[in-house]
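Every chain is numbered from 1, with letters handed out A, B, ... down the list of sequences. The model shown is predicted, which means the values in this text are computed figures rather than measured ones.
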Amino acid sequence: MNIKIKLPDGAIKEFSEKITVLDVAKSISEGLANASLAGIVDGKKVDLDHEIDHDAEVAIITFKSEEGPDIYWHSTAHLMAQAVKQLFPKVKVTIGPAIENGFYYDFDSEKAFSEEDLVLIEERMKELSNEKLPYVRKEVSRNEAMEIFKKMDEPYKLEILNEIPEDEILSLYTQGDFTDLCRGPHLAHTGKIKAFKLLRSSGAYWRGDEKNKMLKRIYGISFPSPKELKVYLNNLEEAKKRDHRKIGKELDLFSINDDIGPGLVLWHPKGALIRHFIESYWKNQHLEYGYDLVYTPHIGKGHLWETSGHLSFYKEGMYNPMEMDGIDYYVKPMNCPFHIMIYKSSKRSYRDLPMKLAELGTVYRNELSGALHGLMRVRGFTQDDAHIICTPDQLESEVEKLLDFSLMVLGKFGFENFEIYLSTMPEKSVGDPEEWKAATESLRKAIEKHNLDYKIDEGGGAFYGPKIDIKIKDALNRSWQCTTIQFDFNLPTRFEMDYIGSDNQAHRPYMIHRALLGSIERFFGTLIEYHAGNFPVWLCPIQVKILPISDATSEYADEVLTALKAKGIRAEIDERSEKINFKVREAEMAKIPYMFVLGGKEAETNSVSVRRHTKGNLGVVSLTEAIDLVLNDKE
RNA sequence: GCCAACGUGGCUCAAUGGUAGAGCAGCUGAUUUGUAAUCAGCAGGUUGGGGGUUCGAUUCCCUUCGUUGGCUCCA
């Protein structure tokens, strides 16, 4: 017998008898064998003790491999479930997958897991890890599996079993006294799990459906070494310092007040000024790129929302109506019907298209109280909304322009890392499938033209059309949607929109909803976190703080201030009779980008000592040079 | 909305059944200072709201509001 094993680098190894994946790793190096978690044989992920009895392509998975962490974390989830079952035998297990950062396991338990419970579970996990219990795979028939889980009294596993397709191989993994239904692969034994931490417990609905029972979820993370775990936990701590709610308070940017109501934002002077700069930039760009700015009211008659369909599809998201002259008025959750009414205010010709109506439209939505989160999810917010109404043959170029525009705007704020999703037709949808196809293709083409990485969210589109979403991550790695470009095959029909074509016939236009920043509130939140409060200079309320060393230079300080203002630089003098250290400290903490320190020397030579926030003292330069420095940074 | 934790002066936190305390911020005064905290004094809280247990509640119980972490939803 002679088995040829092809490795990822193309090398071929020959073995004279059947071997396991671990043998292959060993034949390469002892180190690799130690680090190996599992393997890939002919494209299939398998356990290390998987036997190979034929020529095959084999790759070894370590923690550093793309597939590594998932397997590692999944095995840790099993370890945690074992510990939980031992400590709380009445608990029923459900599912426990690896996630982006770590893993969780959902349990059906009367009692929630307290922090003390988590410590107990961790301790038990440590003991079980020390026992180096092997994860043993066993393939079973459907009946066997049913028997086993019936005996174990695990109803959720039985429910899952029933939903696995007939032709799929069923496998069980057992370590010590714990058996779980699982596709695998898993680590060789529990001793491989060296460092772990249970991070939090929370509630989670079975299958994510609020109609189902509330389960108890435990989240955790694990690494092959304590050092990696420590680095991860440290990063988590560092990330918390970037939290927009914390920085928003420290820099006095915004607040949310109990007496006003949850999810309703107060923009304080500094935050409002930044918002003003964001909005003016936004308006100027829209005017330049062929948009028309509009303003629309905050409320509209119930009849309007019936026509739009919001009262049948989105009622829970809307505030209750208020009555006037016997007619119900609703606060708007969206701007679209208003923009449509502007379109419909006169007869439109194909020559009017594309029509692009843009508005910083403030809307109110009744978000679930438990979902509110700082500026990221609020109940009243301003969308940087626009509706593009065009003919079918303008579609593709409009989508392309949109994506260009969006990337340019996001870039202006310093955003370069984001996730792009293309969402396609869901099961329940309105509109002609051919139109869906064309629209989806035009979205795809636009993304590909930019050479951007993107993920497809199959069936994730709105019922009324496909969409592109751009998401930005917050300090804790949670994604928040900013840009959204959505087709709408629904509203043009509902509102019977039309235009007269060159053939003198009425046609139905295409409509695209889009928001670039998403909402000003959320965008501001992500902006704060992305820059850790160190805003791009053009957005800073104060760009330069002038710090005279003593009263003796206060006259010169005034001159510097005048010179800065003349160049459109926002500056302020700290005139207090405090030590320079103190003034520097306060300016640093206020994250002001430039500090100009002035003493007798500077006054004599018409210069300033420049200090850059986070970078420190840059030395003395002439006032004109210093001003140029700031102006260059202000772009 | 659901599961859980939390709620003490503007901010960060202390006080586990015996009339609430610190630092920072604020105010007043002194200090005129060379790149991240000058010194002193003063003032500020019916401990989120309501109810209960108790001789006595920040502390224990109930309820309500809010916040936080998740579930869900979405800008």
Would you kindly say whether A/Asp633 and A/Tyr594 are connected by a side-chain donor-acceptor distance under 3.5 Å? yes
Assign A/Arg611 to base, sugar-phosphate, or nothing according to its heavy-atom contacts below 4.0 angstrom with the strands shown. base
Sticking with atom C1', work out how far B/C62 lies from B/U54, rounded to a whole angstrom. 16 Å
Under 6.0 Å between ring centres: does that hold for A/Phe415 and A/Phe523? yes
Does a nitrogen or oxygen in the side chain of A/Ser369 sit under 4.0 Å from OP1 or OP2 of B/G1? yes
Quote, to the nearest angstrom, the C1' distance that separates B/A57 from B/A20. 12 Å
B/U46 pairs with, by Watson-Crick or G-U criteria that keep both distances under 3.5 Å: none
Students often get this wrong, so: under 4.0 angstrom with heavy atoms, is A/Asn581 touching a base, only sugar-phosphate, or nothing? sugar-phosphate
Just how far, in rounded Å, is C1' of B/A75 from CG of A/Asp488? 16 Å
Over all strands shown, is A/Glu575 touching base, sugar-phosphate only, or nothing at heavy-atom distances under 4.0 angstrom? nothing
For A/Asp259 and B/U67, give me the distance from atom CG to atom C1', rounded to whole Å. 14 Å
With rounding to whole Å, what would you report as the distance between B/G17 and B/G51 at their P atoms? 24 Å
Please say whether more than 12 non-hydrogen atoms of neighbouring residues, nucleotides or ligands are located less than 6.0 Å from NZ in A/Lys471. yes
When you get a sec, tell me which of B/C74, B/U32, B/C71 is the closest nucleotide to the side chain of A/Asp551? B/U32
Which part of the nucleic acid does A/Phe582 contact within heavy-atom distance under 4.0 Å: base, sugar-phosphate only, or nothing? sugar-phosphate
Side chain of A/Ile549, heavy atoms from C-beta onward: which of B/A75, B/G34, B/U67 has the nearest atom to it? B/G34
From the set B/U31, B/C74, B/A75, return the single nucleotide nearest to any side-chain atom of A/Ser577. B/U31
Ring centroids only, cut at 6.0 angstrom: are A/Phe413 and A/Phe535 within range, meaning strictly under it? no
Base, sugar-phosphate, or nothing: which does A/Ala112 touch, judged by heavy atoms less than 4.0 Å apart? sugar-phosphate
Rounding to a whole Å, what distance do you find between A/Arg576:CZ and B/G29:C1'? 17 Å
For the atom pair NZ (A/Lys467) and CZ (A/Phe487), what is the distance rounded to the nearest 0.5 Å? 14.0 Å
Answer with base, sugar-phosphate or nothing: what part of the nucleic acid does A/Arg217 contact at a heavy-atom distance below 4.0 Å? sugar-phosphate
Using both distances under 3.5 Å as the test, list the Watson-Crick or G-U wobble partner of B/A20, or none. none
Donor-acceptor pair (no angle test) under 3.5 Å: A/Glu602 side chain, B/G34 base: yes
Determine the contact category for A/Gly599: base if any of its heavy atoms lies under 4.0 Å from a base atom, sugar-phosphate if only primed atoms, P, OP1 or OP2 are that close, otherwise nothing. base
Which part of the nucleic acid, if any, lies within reach of A/Glu367 when heavy atoms closer than 4.0 Å are counted: base, sugar-phosphate only, or nothing? base
Nearest-Å distance, CZ (A/Arg379) to C1' (B/G66)? 11 Å
A/Leu372 has an atom CG; how far is it from atom C1' of B/U67, in whole Å? 10 Å
Specify the residue among A/Glu110 and A/His613 whose closest nucleotide of RNA chain B lies further upstream toward the 5′ end. A/Glu110
In the structure shown, which nucleotide is the Watson-Crick or G-U wobble counterpart of B/A40, with both distances under 3.5 Å? B/U28
Write down the distance separating the P atoms in B/U16 and B/U59, rounded off to the nearest Å. 13 Å
Distance-only donor-acceptor check, side chains A/Arg275 and A/Thr382, under 3.5 Å: yes
Under 3.5 Å donor-acceptor pair, A/Tyr205 side-chain atoms to B/G70 base atoms: no
Check the distance between B/A4's P and A/Phe107's CZ and give it to me in whole angstrom. 17 Å
Let's see if you can work this out: which of B/G69, B/G1, B/G66 has an atom nearest to the side-chain heavy atoms of A/Glu210? B/G1
Let's test this: given Watson-Crick or G-U wobble pairing with both distances under 3.5 Å, identify the partner of B/C71. B/G1
With heavy atoms under 4.0 Å as the rule, sort A/Gly518 into base, sugar-phosphate or nothing. sugar-phosphate
For B/U67, does OP1 or OP2 lie under 4.0 Å from any side-chain N or O of A/Arg245? no
Say whether A/Glu458 and A/Thr424, considering side chains only, have a donor N or O and an acceptor N or O under 3.5 Å apart. yes
Looking at every strand, decide which applies to A/Gly600 at a 4.0 Å heavy-atom threshold: base, sugar-phosphate, or nothing. base
Tell me whether the side-chain N/O atoms of A/Gln383 come closer than 4.0 Å to OP1 or OP2 in B/A75. no
With a non-hydrogen cut-off below 4.0 angstrom, is A/Val378 in contact with a base, only sugar-phosphate, or nothing? base
Between B/G49 and B/G9, how far apart are the P atoms? Round to whole Å, please. 10 Å
Residue pairs fulfilling side-chain hydrogen bond (donor to acceptor under 3.5 Å, both in side chains) with at least one residue in residues 260-270 of chain A, sequence neighbours excluded: A/Asp252-A/His268, A/Ser255-A/His268
Take atom CD of A/Glu578 and atom C1' of B/U32, then tell me their distance rounded to the nearest Å. 11 Å
In whole Å, measure the gap between the P atoms of B/A5 and B/U64 for me. 16 Å
Per atom distances to the A/Arg377 side chain, the nearest of B/G1, B/A75, B/G34 is B/A75
How far, in whole Å, is B/A22 from B/A15 if one measures between their P atoms? 15 Å
For nucleotides 8-14 of chain B, list the nitrogen or oxygen atoms of the protein found under 3.5 Å from its nitrogen or oxygen atoms, one pair per line.
| residue | atom | partner | partner atom | Å |
| --- | --- | --- | --- | --- |
| B/U12 | OP1 | A/Lys249 | NZ | 3.3 |

Could you check whether A/Phe381 and the base of B/A75 form a stacked pair, meaning centres closer than 5.5 Å and planes differing by less than 30°? yes
Roughly how far apart are A/Trp305 CH2 and A/Lys332 NZ, rounded to 0.5 Å? 7.5 Å
Parallel, tilted or perpendicular: which fits the ring planes of A/Tyr156 and A/Trp206, with parallel below 30° and perpendicular above 60°? perpendicular
Verify whether the ring centers belonging to A/Tyr105 and A/Phe107 lie closer than 6.0 Å. yes
On RNA chain B, check which nucleotide each of A/Ser550 and A/His373 is closest to and give me the residue with the more 5' one. A/Ser550
Mind checking if A/Asp258 touches a base, just sugar-phosphate, or nothing, with heavy atoms under 4.0 Å? sugar-phosphate
What integer distance in Å separates A/Leu527:CG from B/A75:P? 20 Å
Please give the distance between the P atoms of B/U46 and B/C55 as a whole number of Å. 27 Å
Classify the nucleic acid contact of A/Lys601 as base, sugar-phosphate or nothing, counting any heavy atom under 4.0 Å across all strands shown. base
How would you label the contact of A/Tyr219 with the nucleic acid (heavy atoms, under 4.0 Å): base, sugar-phosphate, or nothing? sugar-phosphate
Over 60° means perpendicular and under 30° means parallel, so classify the ring planes of A/Tyr291 and A/Phe405, tilted if in between. parallel
